[in-house]
Amino acid sequence: MDNLWQAFLRRFDRPVMITTFLVSGCAMGTVPAAAVAGVLTLWQLYAVALVVATCEVFFTPAYQTYPLTLLGPDRLMAGNARLTSTVTVAGMVGQPVGGVLISLFGPAKAVLADALSYLGGALALALIRAPEPAPERGEKAPRLRAQIGEGLRYVVRHRVIGPLVLYMATVSFCLAGLTALEVNYVVRELGWSSLATGLVFGVSMAGGMAAGAVAGPLTDRYGMPRVLLGAAFAYPLCSGSIGLVEPGLAGQVVVGVSWSLLIIVTLVFQSTQRSLRQLLTPKDMQGRLAATSRWLTWAATPVGAVLSGLLAGGIGMRGSLLVFSAGMLVGPVVMWFSPLRTSRREIERDVRTATAAG
């Protein structure tokens, strides 16, 4: 683990990702093996989950920063957009395929497919031949505590990234509150059938495939700051429909369209903000930026989900959904007073300079 941490700090992104995939794949592979042998226990599942989650802590920052090394600044936006769309499509396909495998082989044995996916990912990464820059001779990797503190200070103090991360934390909080209740609400309160629920949310997820095609042209034409500002104002408009519609086909159509747009807006925003952060951040801070931003934004997710459930117990599911939809309005206010609007031209100039320097 210490060698893995040293590689992570020295910005060897690809070896870190390969190592974490191999470890995760081997850990997941013990589950079906133990199930076949009849010795699978709950404690083994806990241990496997801990190993995989620990590997993800190292993998995610490397995964988010490696495109800059692999593609360079001039192709970064297109690469991030395609990665974001690919992850979305994989999530759409993975859930139904996983359900089929579980029904055929049982939960424990179906985990073999997950283990093989990790090993396949490691193989795909190993086939990449693009070199990574080596650290200077004599360079010492700093301690973990110092790295965490430096990453936090960098994110909080940065005039662009700080407000951007605050906005993302707000959106993560509100979206978690909405998604925690949406399925129960449409089934119990609106009376949707299982087929209608699956079709509406399945169609909306399909909107993610369009995000990769539109993100690059949008930023090329309007610039990253304008695209981020536009997405921030689109969030409340797209997310509020589910708490306003009535039972029936018309409500299903409205929710399907609005949530399709929400998925597109989300993925366009995510690929754009990730590219902007990477272009404005020095190379030696990329990993710390990715890890700190992820921690600050994802920490709001479980809080939003829990509070949504508690609030629903007091004012009902519709009331809770409307409250969290209204909470989305905080995000545009944060973005409106941030340098993304007040210093838009300077940021666009910095982006052009970083792209040209690459």
Side-chain angles (χ1 to χ4, degrees), residues 1 4 8 13-64 66-67 70 79-128 176 179-180 182-183 194-195 197-209 211-212 263 266-267 270-271 294 298 301-302 305:
M1 183 65 69
L4 181 61
F8 170 72
D13 291 326
R14 192 165 66 97
V16 168
M17 291 189 289
I18 293 173
T19 302
T20 54
F21 265 6
L22 289 174
V23 173
S24 296
C26 292
M28 296 291 283
T30 65
V31 175
V36 171
V39 296
L40 181 64
T41 65
L42 190 60
W43 287 107
Q44 180 180 346
L45 296 178
Y46 287 151
V48 169
L50 178 61
V51 169
V52 174
T54 302
C55 287
E56 186 179 0
V57 171
F58 292 96
F59 173 84
T60 301
Y63 160 78
Q64 291 186 356
Y66 188 54
L70 182 65
N80 278 331
R82 291 170 184 170
L83 276 175
T84 304
S85 297
T86 301
V87 170
T88 302
V89 173
M92 293 167 52
V93 175
Q95 292 185 4
V97 171
V100 171
L101 292 176
I102 290 173
S103 65
L104 292 176
F105 304 107
K109 295 178 183 179
V111 174
L112 178 61
D114 211 355
L116 293 176
S117 71
Y118 278 112
L119 300 179
L123 176 61
L125 289 167
L127 295 176
I128 299 176
T179 55
E182 59 183 12
V183 175
S194 299
L195 177 60
T197 303
L199 286 175
V200 169
F201 289 108
V203 169
S204 65
M205 286 298 295
M209 292 184 288
I263 296 297
T266 299
L267 298 184
Q270 290 295 341
S271 57
R294 182 181 177 88
W298 280 45
T301 300

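Heads up: numbering here begins at 1 and tracks the sequence. Not measured: the values here are computed from a predicted model.
By the 4.5 Å heavy-atom criterion applied to side chains, Thr19 and Phe58 are not counted as neighbours.
Judged as a side chain to side chain contact (heavy atoms under 4.5 Å, CB included), and not counting sequence neighbours, the contacts of Ala126 are Ile18. For Phe59, the ring-ring contact (aromatic ring centres under 6.0 Å, His included) partners are Phe21, Tyr63, not counting sequence neighbours.
Considering every non-hydrogen atom in both Leu119 and Gly25, the closest pair reads CD2-CA, 4.2 Å. Pairing each heavy atom of Ala27 with each of Val51, the nearest pair is CB-CG1, 3.9 Å. When every heavy atom of Gln44 is checked against every heavy atom of Val39, the shortest pair comes out as OE1-O, 4.3 Å. The two residues Val52 and Ser24 have their closest heavy-atom pair at CA-OG, 4.1 Å.
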- Using the side chain to side chain contact (heavy atoms under 4.5 Å, CB included) rule, take Leu45 and Leu42 through it: C-alpha gap first, then chi angles, then the decisive distance, then the call. CA-CA 5 Å; Leu45 296 178; Leu42 190 60; 4.2 Å; yes
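Note: Asp114 CG to Met28 CE = 3.5 Å, rounded to the nearest 0.5 Å.
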